[in-house]
Novice: 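If you scroll down you'll find the structure; I have some questions about it.
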Amino acid sequence: MRPLAGLLLAGVALWAPSPAAAQETPYFVAYSDHLEEPGNLDIEFNPLFAAQRGGNDFLAGTMEFEYGVKAWWTSELYLDGQSTFSDSTIFTGFRWENRFRPLMREHWINPLLYLEYENVNEADKTMVEVVGFDSQADHLPPNAVLRRMTNHEADLKLILSSDFKSWNLSENFITEKNLGHDPWKFGYAVGVSRPLRLADTPRPCNFCRENFLAGAEFYGGLGTSWNLTTSGTSHYAAPIVGWQLPSGVTLRISPGFGLGSNSHGFILRWGVSYEFEGFGWRVRKLFR
């Protein structure tokens, strides 16, 4: 997965060298109301390492392509994979998400609506969200067993986000439904973050404090429509640090800690992204 990610990032960077400089939130699981600028493309590679209780530790990752369709609409494609130690490395599926902003003006609380279709198998370990009674034990069976079952699911999220004096606070209520006969699964994610300094330095600077963001996120399951509860579910807390370079590259890292026996004891997430302006315009120009 890593060589492919590097080639894709390098290739697009050579073709479209104008990076965007918008300040983003550093979350891995929670979403804020910040959407991609229309016509801009953001490519992200977000791996994780997880310690597996009673089994083999693993690496998993998503390759993400996020595009600003309109000022009120961002669309994103995810490609998922994982590598379990002493087992195998496999592709686990794809996701297609869309986020919509119904109110364009800024409010004290800014709502977003999120809709996603998932086509992933049971071997997927990217943990882009935690819902229902998701447990670390779900990742114990061998990949050869888990990959036999493919899930077709719809995700709906209500995203509420507020910006106040350089702080961002985002709350997500998550619902997930297998397109078969399973009940609705529920979950949550909460993120809080801010840049280390709000004012910009007059000249471009890699190590200036305004390029660094710090925060934390908390996420977990809330049971199902048959049993809405926090008992028997898994929950995580994770500090986050982000570094947004003037070149358009953003780096993030987040050590996460499970809160209870149903959670993985430790998860380390890290990510690299590159954002460029005018990608849509450049594509249309090729066909004129």
Novice: Return yes if a side-chain donor-acceptor contact under 3.5 Å exists between Q52 and Q136, otherwise no.
Specialist: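 On atom types as modelled, these side chains qualify, holding a pair under 3.5 Å.
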Novice: Ignoring hydrogens and angles, tell me if any N or O in the side chain of D138 forms a donor-acceptor pair with the backbone of S135 under 3.5 Å.
Specialist: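 It does hold such a pair.
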Novice: Which heavy-atom pair separates A189 from V29 by the least distance, and what is that distance?
Specialist: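 Closest approach of A189 to V29, heavy atoms only: CB-CG1, 4.0 Å.
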Novice: Should we say atom CH2 of W184 is surrounded by more than 12 heavy atoms from elsewhere, each under 6.0 Å from it?
Specialist: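 Atom CH2 in W184 is crowded, with more than 12 foreign heavy atoms closer than 6.0 Å.
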Novice: Measure the CG-OG1 distance between L59 and T126 for me, rounded to the nearest 0.5 Å.
Specialist: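 The OG1 atom of T126 is 13.0 Å from CG of L59, to the nearest 0.5 Å.
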Novice: Could you tell me which non-hydrogen atom of D80 sits nearest to which non-hydrogen atom of T62, and how far apart they are?
Specialist: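 Closest approach of D80 to T62, heavy atoms only: OD1-CG2, 3.2 Å.
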Novice: Is E106 salt-bridged to R101, going by a charged N under 4.0 Å from an acidic O?
Specialist: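 Yes, charged N to carboxylate O under 4.0 Å.
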Novice: State yes or no: do L79 and V272 share one hydrophobic cluster built from I, L, V, M, F, W and Y residues joined by side-chain heavy-atom distances below 4.5 Å, directly or via other members?
Specialist: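 Yes, one cluster joins them.
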Novice: Salt bridge or not for E44 and R252, using N-O below 4.0 Å?
Specialist: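 Yes, charged N to carboxylate O under 4.0 Å.
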Novice: Show your working on side-chain hydrogen bond (donor to acceptor under 3.5 Å, both in side chains) between S75 and W96 and close with a plain yes or no.
Specialist: CA-CA 8 Å; S75 188; W96 179 38; 2.8 Å; yes
Novice: Can a donor-acceptor pair be found, under 3.5 Å and without considering hydrogens, that links the side chain of R53 to the backbone of S261?
Specialist: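 It does hold such a pair.
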Novice: T92 side chain to V120 main-chain N or O, any donor-acceptor pair under 3.5 Å?
Specialist: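 Between the backbone of V120 and the side chain of T92 there is no qualifying donor-acceptor contact (under 3.5 Å).
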Novice: Can the ring centres of W270 and F49 be said to be less than 6.0 Å apart?
Specialist: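 Centroid separation for W270 and F49: 6.0 Å or greater.
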Novice: Verify the cluster assignment for F91 and V128: are they in a single hydrophobic cluster under the rule of side-chain heavy atoms below 4.5 Å apart?
Specialist: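 In one cluster: no.
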Novice: Tell me which one of S193, S161, S32 satisfies side-chain hydrogen bond (donor to acceptor under 3.5 Å, both in side chains) with S170.
Specialist: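 Testing S170 for a side-chain hydrogen bond (donor to acceptor under 3.5 Å, both in side chains) against S193, S161, S32 leaves exactly one candidate, S161.
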Novice: At their closest point, which heavy atom of D87 faces which heavy atom of P142, and how far apart are they?
Specialist: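 Taking D87 first and P142 second, the nearest heavy atoms are OD2-CA, 3.5 Å.
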Novice: Closest approach of M127 and A50, non-hydrogen atoms and distance?
Specialist: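 Closest approach of M127 to A50, heavy atoms only: CE-CB, 4.2 Å.
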Novice: Any chance you could pull the hydrophobic cluster mates of L158, using side-chain heavy atoms under 4.5 angstrom and chaining through other members?
Specialist: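 Grouped by the 4.5 Å side-chain rule, W108, I109, L113, L160, F164 form the rest of the cluster around L158.
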Novice: Let me check something: do V130 and I267 share a hydrophobic cluster, defined by ILVMFWY side-chain heavy atoms less than 4.5 Å apart, either directly or through other members?
Specialist: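 Yes: a chain of side-chain contacts under 4.5 Å links V130 to I267.
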Novice: Taking the side chain as every heavy atom from C-beta outward, state whether E277 and E37 have any atom pair closer than 4.5 Å.
Specialist: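 They are not in side-chain contact.
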Novice: Would a 4.5 Å heavy-atom cut-off, applied to side chains only, mark V190 and L169 as touching?
Specialist: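 A side-chain contact exists here, since the closest heavy-atom pair is under 4.5 Å.
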Novice: Starting at CD1 of I43, measure out to CG of L41 and round the result to the nearest 0.5 Å.
Specialist: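 Separation between the atoms: 4.5 Å.
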Novice: Side-chain contact test, heavy atoms from C-beta onward, threshold under 4.5 Å: evaluate it for I159 versus N110 and give yes or no.
Specialist: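 They are not in contact (no side-chain heavy atoms under 4.5 Å apart), so the answer is no.
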Novice: Could you go through the side-chain contact (heavy atoms from CB on, under 4.5 Å) check for L179 and Y117 one step at a time?
Specialist: CA-CA 10 Å; L179 299 182; Y117 169 72; 4.1 Å; yes
Novice: I'd like to know whether E122 forms a side-chain hydrogen bond (donor to acceptor under 3.5 Å, both in side chains) with N151, so could you lay out the CA-CA distance, the side-chain angles of the two residues, the decisive distance to 0.1 Å, and finally the verdict.
Specialist: CA-CA 7 Å; E122 291 285 347; N151 295 319; 3.0 Å; yes
Novice: Report yes or no: does H152 contribute a side-chain atom to a donor-acceptor pair with the main-chain N or O of T150 at less than 3.5 Å?
Specialist: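 A pair under 3.5 Å: no.
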Novice: Tell me, do F173 and F186 make a side-chain contact under 4.5 Å, heavy atoms counted?
Specialist: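 F173 reaches F186 side chain to side chain.
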Novice: Taking only residues two or more places apart in sequence or in another chain, which ones pass side-chain contact (heavy atoms from CB on, under 4.5 Å) with A144?
Specialist: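 With sequence neighbours excluded, A144 shows a side-chain contact (heavy atoms from CB on, under 4.5 Å) to no residue whatsoever.
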Novice: Is there a donor-acceptor pair under 3.5 Å between the side chain of N172 and the backbone N or O of Y31?
Specialist: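 The answer is yes, because a donor-acceptor pair under 3.5 Å joins these two groups.
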Novice: Please give me the minimum heavy-atom distance between G132 and T224, naming the atom from each residue.
Specialist: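 For G132 versus T224, the nearest heavy atoms are CA-CG2, 4.4 Å.
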Novice: Any donor and acceptor pair, going by atom type alone, linking the side chain of S254 with main-chain N or O of P239 inside 3.5 Å?
Specialist: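 Here the side-chain-to-backbone pair exists.
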Novice: Given T84 and Q82, is the side-chain hydrogen bond (donor to acceptor under 3.5 Å, both in side chains) satisfied, shown in steps?
Specialist: CA-CA 7 Å; T84 300; Q82 59 101 326; 2.9 Å; yes
Novice: Just checking H235 against Y188, ring centres under 6.0 Å apart?
Specialist: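 Between H235 and Y188, the centre distance is under 6.0 Å.
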Novice: Return the minimal non-hydrogen interatomic distance between S263 and G258, and the atom names on each side.
Specialist: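 Closest pair (atom of S263, atom of G258, distance): CB-CA, 3.6 Å.
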Novice: Indicate yes or no: does E66 engage R99 in a salt bridge with an N to O separation below 4.0 Å.
Specialist: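 Yes, this pair counts.
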Novice: Among residues two or more places apart or on two chains, list those pairs meeting disulfide (SG to SG under 2.5 Å) that have a residue in residues 188-247.
Specialist: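 Listed by first then second residue: C205-C208.
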Novice: For D124, which residues count as a salt bridge (Lys or Arg N to Asp or Glu O under 4.0 Å) partner, sequence neighbours excluded?
Specialist: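 If we apply the salt bridge (Lys or Arg N to Asp or Glu O under 4.0 Å) test to D124, skipping adjacent residues, the hits are R95.
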Novice: Can you tell me which residue pairs pass the salt bridge (Lys or Arg N to Asp or Glu O under 4.0 Å) test with a partner in residues 151-170, sequence neighbours excluded?
Specialist: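 Qualifying pairs, neighbours excluded: E129-K157.
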Novice: Compute the ring centroids of F212 and W243, then answer whether they are less than 6.0 Å apart.
Specialist: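 When the ring centroids of F212 and W243 are compared, they turn out to be within the sub-6.0 Å range.
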Novice: With rounding to the nearest 0.5 angstrom, report the OG1 to CG distance, T25 to L213.
Specialist: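 It is 8.5 Å, given to the nearest 0.5 Å.
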Novice: Take atom CE of M149 as the centre, draw a 6.0 Å sphere, and report whether it contains more than 12 heavy atoms from other residues, nucleotides or ligands.
Specialist: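 Open: at most 12 neighbouring heavy atoms sit under 6.0 Å from CE of M149.
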Novice: Test side-chain hydrogen bond (donor to acceptor under 3.5 Å, both in side chains) on E116 and Y114; report intermediate values, then the result.
Specialist: CA-CA 7 Å; E116 178 185 271; Y114 174 110; 2.5 Å; yes
Novice: Under 3.5 Å, side chain of E217 to main-chain N/O of A30, donor-acceptor pair present?
Specialist: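 Answer holds: yes.
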Novice: Just so I know, are the side chains of S88 and S83 near enough to count as touching, which here means a heavy-atom distance under 4.5 Å?
Specialist: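 They are not in side-chain contact.
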Novice: Is there any disulfide (SG to SG under 2.5 Å) pair reaching into residues 34-72, and which pairs are they, with sequence neighbours excluded?
Specialist: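 The answer is none; no pair qualifies.
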Novice: Assign the ring pair F279 / Y67 to parallel, tilted or perpendicular, where the plane angle (0 to 90°) is split at 30° and 60°.
Specialist: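 Geometry flag for Y67 against F279: perpendicular rings.
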Novice: Mind checking the CG-CD spacing from L77 to E97? Nearest 0.5 Å is all I need.
Specialist: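 Going from the CG atom of L77 to the CD atom of E97 covers 9.5 Å.
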Novice: May I ask you to decide if S231's main-chain N or O and T229's side chain share a donor-acceptor pair within less than 3.5 Å?
Specialist: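 Checked: pair present.
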Novice: Consider only side-chain heavy atoms of I, L, V, M, F, W and Y, link residues closer than 4.5 Å, and tell whether W72 and L112 are in one cluster.
Specialist: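 Looking at the clustering, L112 is in a separate group from W72.
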Novice: First locate atom NZ of K185, then atom CD of E176, and finally report the distance between them rounded to the nearest 0.5 Å.
Specialist: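 The NZ atom of K185 sits 5.5 Å away from the CD atom of E176.
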Novice: Say you draw a straight line from CG of L35 to CD of E24; how long is it, rounded to the nearest 0.5 Å?
Specialist: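 Reported to 0.5 Å precision, the distance equals 9.5 Å.
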Novice: Does atom NZ of K177 have more than 12 heavy-atom neighbours, drawn from other residues, nucleotides or ligands, at distances under 6.0 Å?
Specialist: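 Yes, enclosed.
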Novice: What about F58 and H139, are their ring centers closer than 6.0 Å?
Specialist: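 Ring centres of H139 and F58 closer than 6.0 Å.
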Novice: For the backbone of F85 and the side chain of N56, can you confirm whether one donor and one acceptor N or O come within less than 3.5 Å of each other?
Specialist: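 Looks like yes, one N/O pair under 3.5 Å.
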Novice: Taking C-beta and beyond as the side chain, do T175 and V131 meet within less than 4.5 Å on heavy atoms?
Specialist: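 T175 vs V131: side chains apart.
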Novice: Check whether any side-chain heavy atom of S166 sits under 4.5 Å from a side-chain heavy atom of R194, and report yes or no.
Specialist: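 Answer yes - side chains close enough.
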Novice: Determine, using the 4.5 Å side-chain heavy-atom cutoff (strictly less than), whether V145 and I90 are members of one ILVMFWY cluster.
Specialist: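 No, separate clusters.
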Novice: Taking C-beta and beyond as the side chain, do Y236 and F257 meet within less than 4.5 Å on heavy atoms?
Specialist: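 They are not in contact (no side-chain heavy atoms under 4.5 Å apart), so the answer is no.
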